[in-house]
Amino acid sequence: MKKRENISFVKPHGEQGEADHVAARLWIHSEWPSLIAKCPPSCVFNADETGLYFRALPEHTYAFKNEKTRGTKTSKERLTILCCASMDGEKRKLLVIGKSKNPRCFKGVKNLPVDYTANSNEWMTKEIFTEWLIKWVNEIHHDVLLLVDNCTAHVVTVKFKYINLVFLPSNTTSIIQPCDQGIIRTFKAYYRTNMRKNVISVIDANLEQELCTLRAHEIAKKITVLEGGFILSPKEVKVPVERPTDLSTELYNEWINIDEEVQTIEIVTEEDICGEKQSKRPKENVAGDSDEEEPNEKPPSTKQMLEALQIRGIQQRGDFDVFKQHKSYEDMIMKLAEEEKIQSTLDGFLSKN
């Protein structure tokens, strides 16, 4: 009957179901005080996953006045992002879960601004969560309290030396989980606003150079996982995210929340549970070796990077501080080029000997 009706045995995600306000109030008054009494705010963290349509634009586009526009579907190419922050504002590096184990855009990249992993469904799994916790334990030497929802992916069997894993009551995370009280929304607002600005900048640059102009959704489609920009400087974090003036409040909110209901957690079926118990081995995370949609391009040369900076434009449009920052970018490019030259010479010398 279960097969005929397509019914599976599934443990609900911690945020599913009607919010339990009674349980939330009870936990806040009875459990929470004793928990924070043992840890300072700097050692109390909360983590939560969210889905991100990283190429999604608002449901309208820029076009020439005489150009006929065509409706386009919102890009639903997604990632799963694990956000984690402490009570006093310390932010852990984002964990990004994609589909490709080795995206082509990562080729030659030495350092990522995020922790990246992958599986075929782009979901958080028990194995990925365990690996993330182990990495954290290896970076600290003091106790921390980590609040998470009680989904199956978070219920790990390993005991960690420094991390005390505390589960929020079922069906209360939408009420009392800090990440759901604006942290994730703010992250998405920063990401989407900056992504949209970059798309508009490409359109403007093409117009100035009288090039064949791509539509906004075509430009967004070329955004890679590497170009997603999942990091903010401390200065930027202090600046509130402002709604673009050409977007209505309704359209803006719809865009920011477009992926709010995306599944981010591995679904555990009755067959999975039985199979794991029989084999006593964790399930493997199968992921592709490359992402065919990521452009396989060579990194730009030093000359191309310097030309892209266009110092004349900076002098005409920016003040001294902007010029100074621009000069630091130029110095950084020259330093990288010199280091690559030294490494290339060294490699050549070693290969001959």
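- In this structure, OG on S248 lies 12.0 Å from CH2 on W255, to the nearest 0.5 angstrom.
- By the rule that hydrophobic residues join a cluster once side-chain heavy atoms approach within less than 4.5 Å of another member, I140 and V156 end up as members of one cluster.
- A heavy-atom distance below 4.5 Å is not found between the side chains of P40 and D88.
- Residue C84 holds its SG atom at 10.0 Å from CG of L95, rounded to the nearest 0.5 Å.
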Item to check | Stepwise side-chain contact (heavy atoms from CB on, under 4.5 Å) check, H154 with E49 | outcome: CA-CA 11 Å; H154 294 162; E49 297 87 0; 2.6 Å; yes
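- Here the side chain of R55 pairs a donor or acceptor atom with the backbone of I223 at under 3.5 angstrom.
- In this structure a side-chain-to-backbone donor-acceptor pair under 3.5 Å is present from S86 to E90.
- Judged by distance alone, the side chain of R78 and the main-chain N or O of G51 form no donor-acceptor pair under 3.5 Å.
- Side-chain contact between T193 and Y252: present, with at least one pair of heavy atoms (C-beta onward) separated by less than 4.5 Å.
- Linking ILVMFWY residues whenever their side-chain heavy atoms come closer than 4.5 Å, directly or via other members, places I97 and I134 in the same cluster.
- Atom CD1 of I176 and atom CG of D149 lie 10.5 Å apart (nearest 0.5 Å).
- Across all their heavy atoms, V144 and W136 have their closest contact at CG2-CZ2, 4.2 Å.
- Salt bridge present: K135 and E139 bring a charged side-chain N and a carboxylate O closer than 4.0 Å.
- Counting heavy atoms from C-beta outward, S100 and F106 have side chains that stay 4.5 Å or more apart.
- Annotation: the span from F160 atom CZ to D143 atom CG amounts to 14.0 Å, rounded to 0.5 Å.
- Interatomic distance, CZ of R25 versus CG of D20, reported as 9.0 Å (0.5 Å rounding).
- Residues L165 and I128 share a single hydrophobic cluster, defined by chaining ILVMFWY side chains whose heavy atoms lie under 4.5 Å apart.
- Minimum interatomic distance between A220 and L57 (heavy atoms only, all atoms of both residues): CB-CD1, 3.7 Å.
- With Q181 contributing its side chain and Q177 its backbone, the two residues share a donor-acceptor pair below 3.5 Å.
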Checklist entry - Can you check side-chain contact (heavy atoms from CB on, under 4.5 Å) on L168 and W32, steps first, answer last? => result CA-CA 10 Å; L168 295 166; W32 179 236; over 6 Å; no
Item to check | salt bridge (charged side-chain N to carboxylate O under 4.0 Å, His left out) evaluation trace for K188 with D259 | outcome: CA-CA 10 Å; K188 289 187 176 182; D259 39 28; 2.6 Å; yes
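- No side-chain heavy atom of M124 sits less than 4.5 Å from a side-chain heavy atom of D48.
- The shortest non-hydrogen separation linking D180 to T173 is OD2-O, 3.5 Å.
- Proximity of W27 to L35: side-chain heavy atoms (C-beta onward) are separated by under 4.5 Å at one or more points.
- The backbone N or O of W123 sits less than 3.5 Å from a side-chain atom of N119, completing a donor-acceptor pair.
- Residues A24 and I175 share a closest heavy-atom pair of CB-CD1, 4.1 Å.
- Going from atom CH2 of W132 over to atom CG of L82 covers 5.0 Å, rounded to the nearest 0.5 Å.
- When all heavy atoms are compared, the tightest approach of C83 to F187 is SG-CD2, 4.4 Å.
- V148 and V137 fall within a single hydrophobic cluster, where Ile, Leu, Val, Met, Phe, Trp and Tyr are joined by side-chain heavy atoms under 4.5 Å apart, directly or via other members.
- I256 and R192 get closest at one heavy-atom pair: O-NH1, 3.0 Å.
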Checklist entry - What do the steps show when you test H141 against Y162 for side-chain contact (heavy atoms from CB on, under 4.5 Å), and what is the final call? => result CA-CA 7 Å; H141 300 285; Y162 297 116; 4.0 Å; yes
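- With hydrophobic clusters built from ILVMFWY side chains whose heavy atoms lie under 4.5 angstrom apart, L133 does not share a cluster with V166.
- Of the possible donor and acceptor atoms, none in the side chain of E260 sits under 3.5 Å from a partner among the backbone N and O of V262.
- The hydrophobic cluster analysis finds I183 isolated: no Ile, Leu, Val, Met, Phe, Trp or Tyr side chain comes under 4.5 Å of it, directly or through other members.
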Next on the checklist: Run N198 and I219 through side-chain contact (heavy atoms from CB on, under 4.5 Å) and show every step you take.
Outcome noted: CA-CA 9 Å; N198 291 338; I219 297 170; over 6 Å; no
